[in-house]
Amino acid sequence: MKRVGKQTWVFDDGVYIQAAAAAVGPLEADGPLGSYFDVCHRDLYCGEATWELAERRLMREAVDCCLQKAGVSAEEVDLFLAGDLLNQNATSNYVARELPIPFLCLFGACSTSMQTLAAAAAFVAGGLADRALAATSSHNATAERQFRYPTELGVQKPKTATFTVTGAGAALVGRAPGRWRVRAATIGKVVDAGLKNPLDMGAAMAPAAADTIEQHFRDLGVSPGDYDLIVTGDLSRVGSVIVRELLAESGYDVTDVYNDCGLMIYRPDQKVFAGGSGCACSAVVTYGYLLQELAHGTFRRLFVVATGALLSQTMVQQKQSIPAIAHGVVIEAAGQEPDLPP
Amino acid sequence: MGLKSDYVREVKAFQPSPPYAANAVKAFFVGGMFCALAQWLADWYGGTFAASPLEAHLWASMVMAGLAIVLTAVGKYDDFSQFAGAGATMLITGLANAIASAAIEHRSEGWTAGVAGQMLKAGGAAVIYGLIAAYVLGLVWP
């Protein structure tokens with residue numbers, strides 16, 4: 001493991017994702033990627049009494065399914081890294097309460113999926129853990145009520161609003177070779193472009209995503225053509241156009257290899273405004289769909305850039321702008337990884 | 001020029017603007033229809049039960065609020081508001097929805113801290129400023 005350039009970690013001595021799993025709610029199960037998810041719930045409550053309990057159940061199911069796929073018991077995992085959107089990271093802390101694994105709680109808003117994956121890879125590469133488990137979750141109703149309004153309140157939302165994905169994803173990272181290799185990670189800086197509208201987070205996050213992607217290209221000396229897919233977390237219809245424009249201004253044309261998880265998870269006719277968002281958006285698309293397609297050979301190398309709006313209701317009410325962050329992880333199909341340029 | 005030179009200003013070109021004219025038309029007709037329904041109810045109470053105009057209007061308002069609460073409880077009022085906009089939120093039905101939705105939302109935290117404590121979270125501002133506005137108007141109106 002070494003640092004290359006300013007913000008990029010390169011894992012050149014073999015760090016692998018050994019298994020991954022995704023659990024989702026009804027709308028996501030009904031979306032175009034529904035068949036890729038391991039656990040699909042037909043009801044937003046997921047058989048629980050409250051939405052918070054439903055989100056906790058989703059994360060627990062993703063964790064259990066991931067460990068089961070890897071054939072590893074929880075006792076054999078050395079470190080658990082997780083985070084979510086609820087105050088005090090409630091979902092993650094309560095799931096960790098049930099697991100016999102040392103736990104580090106992380107918050108990166110919707111960037112948590114790649115934040116936890118990058119950290120897990122670094123702990124494994126550094127020899128501090130043989131196996132590290134990364135997980136994250138979000139739930140439409142818990143996020144709505146914490147960050148916006150009561151779910152049944154009649155408010156006309158603008159087209160720029162996004163729709164929080166209900167789901168959870170987990171990935172087990174370890175030294176032993178698996179089907180996917182974690183090749184590099186670029187840790188983002190907090191970027192605040194000065195926007196204040198919490199109903200347009202795509203525009204608020206796009207500069208952070210562009211910053212991380214550009215830094216990644218510069219640190220490694222690579223270009224968009226070195227990737228089969230560069231995918232952002234939840235920039236949605238508004239932010240995904242902006243990030244392409246920002247990168248084009250810096251001389252990087254990503255048009256042919258770019259997509260956004262928030263646009264992939266729902267069908268165009270599902271009523272989700274500008275697209276999906278939330279920690280689970282990039283987590284379930286990556287751990288459900290993208291990894292399977294890597295294993296099938298559709299892609300060989302991905303750069304997943306999870307984007308987070310570091311939104312605080314109190315700060316927004318005090319007229320402060322919304323800071324954002326993006327963390328990117330390069331994932332390759334193990335055994336057939338193309339060479340990274342030196 | 002370009003996004004990077006002045007992001008806050010230049011990004012507006014990428015943000016779809018709300019369909020103001022369509023929203024206004026929808027709000028006018030839907031809100032108007034609700035008001036017409038309430039007026040019809042008030043006339044009906046006045047005619048059938050010989051209620052005074054004040055009583056008839058109170059009864060009509062309560063029925064409209066009750067209708068909004070039922071629609072909120074079955075999860076339809078928010079969809080209706082997304083369509084009708086101000087035509088759904090500016091009426092007494094909007095206030096009823098604001099209070100009922102917060103009460104439903106916080107049922108999971110119990111009857112006292114949850115339902116009662118949070119009930120006015122979304123509608124409280126309308127209640128407070130409505131009372132103040134009514135008081136001030138009451139002072140200046142002959």
Side-chain angles (χ1 to χ4, degrees), chain A residues 44-45 48-54 141-142 144-146 148-161 191-197 199-208 210-211 214 235-250 271 273-274 321-322 324, chain B residues 1-20 22-23 26-27 68-69 71-91 93-109 114 118-119 121-123:
Chain A
L44 207 54
Y45 281 100
E48 299 286 345
T50 70
W51 287 318
E52 283 74 15
L53 294 182
T142 64
E144 280 292 313
R145 90 183 207 150
Q146 180 175 303
R148 297 186 182 117
Y149 315 105
T151 40
E152 296 302 332
L153 179 67
V155 176
Q156 194 173 41
K157 287 188 182 166
K159 287 175 188 167
T160 53
V191 175
D192 190 332
L195 300 189
K196 296 179 179 177
N197 181 6
L199 289 174
D200 184 6
M201 298 208 288
M205 293 188 292
D211 188 75
E214 278 181 49
L235 294 183
S236 75
R237 230 175 298 294
V238 177
S240 60
V241 180
I242 299 171
V243 75
R244 265 177 296 184
E245 184 67 24
L246 284 168
L247 289 169
E249 280 183 18
S250 302
K271 289 181 179 167
F273 307 99
S321 55
I322 302 169
Chain B
M1 278 308 288
L3 269 173
K4 289 188 175 176
S5 60
D6 185 354
Y7 188 74
V8 175
R9 200 164 55 98
E10 298 294 331
V11 80
K12 291 197 172 86
F14 294 86
Q15 295 166 314
S17 62
Y20 290 115
N23 282 351
K26 281 191 283 191
I69 291 168
L71 285 173
T72 303
V74 298
K76 293 291 172 210
Y77 200 88
D78 55 336
D79 299 334
F80 166 62
S81 287
Q82 181 64 36
F83 171 77
T89 49
M90 294 309 289
L91 319 176
T93 52
L95 180 65
N97 162 255
I99 295 172
S101 63
I104 293 167
E105 185 87 4
H106 290 281
R107 174 68 189 89
S108 54
E109 286 84 65
Q118 304 283 347
M119 190 183 245
K121 189 169 90 168

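In what follows, every chain begins at residue 1, and chains take the letters A, B, ... in the order their sequences are listed. Side chains included, hydrogens not; waters and symmetry mates left out as well; all remaining heavy atoms used.
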Legend entry - Side-chain (Tyr149(A)) to main-chain (Ala98(B)) donor-acceptor, under 3.5 angstrom: no
Legend entry - Proximal component of Ala49(A), with respect to chain B [non-hydrogen, under 4.5 Å]: neither
Legend entry - Segment of Asn23(B) engaging chain A (4.5 angstrom heavy-atom cut-off): side chain
Legend entry - Short side-chain to backbone donor-acceptor contact, Glu105(B) and Thr151(A), under 3.5 Å: yes
Legend entry - Minimum-distance pair of heavy atoms, taken over all atoms of Ala102(B) and Pro150(A): CA-CG, 3.8 Å
Legend entry - Expected output: side-chain Gln15(B) to main-chain Ala203(A) donor-acceptor under 3.5 Å: no
Legend entry - Options Lys159(A), Lys157(A), Lys196(A), ranked by heavy-atom pairs under 4.5 Å with chain B, top entry: Lys157(A)
Inset, instruction - Below 4.5 Å from any heavy atom of chain A, which atoms of Phe80(B) appear? Answer side chain, backbone, both or neither. - result: neither
Inset, instruction - For residues Val8(B) and Leu195(A), determine if any side-chain heavy atom of one lies less than 4.5 Å from a side-chain heavy atom of the other. - result: yes
Inset, instruction - Can you tell which part of Thr89(B) gets under 4.5 Å to a heavy atom of chain A, answering side chain, backbone, both or neither? - result: side chain
Legend entry - Electrostatic pair Glu152(A):Arg107(B) at N-O distance under 4.0 angstrom: no
Legend entry - side chain to side chain contact (heavy atoms under 4.5 Å, CB included) assessment of Ile242(A) paired with Tyr7(B): CA-CA 10 Å; Ile242(A) 299 171; Tyr7(B) 188 74; 3.4 Å; yes
Legend entry - Which of Ala274(A), Ala206(A), Ser250(A) touches chain B most, by non-hydrogen pairs under 4.5 Å: Ser250(A)
Inset, instruction - Could you tell me whether a side-chain N or O of Gln156(A) sits under 3.5 Å from a main-chain N or O of Gln82(B), the two making a donor and an acceptor? - result: yes
Legend entry - Working for side chain to side chain contact (heavy atoms under 4.5 Å, CB included), residues Asp78(B) and Val155(A): CA-CA 7 Å; Asp78(B) 55 336; Val155(A) 176; over 6 Å; no
Inset, instruction - Check whether any side-chain N or O of Glu249(A) sits under 3.5 Å from a backbone N or O of Leu3(B) as a donor-acceptor pair, and report yes or no. - result: yes
Inset, instruction - Mind listing the closest non-hydrogen atom pair of Asn97(B) and Gly154(A) along with its distance? - result: OD1-N, 2.7 Å
Inset, instruction - Identify which of Ala100(B), Ala88(B), Gly85(B) forms the greatest number of heavy-atom pairs closer than 4.5 Å to chain A. - result: Gly85(B)
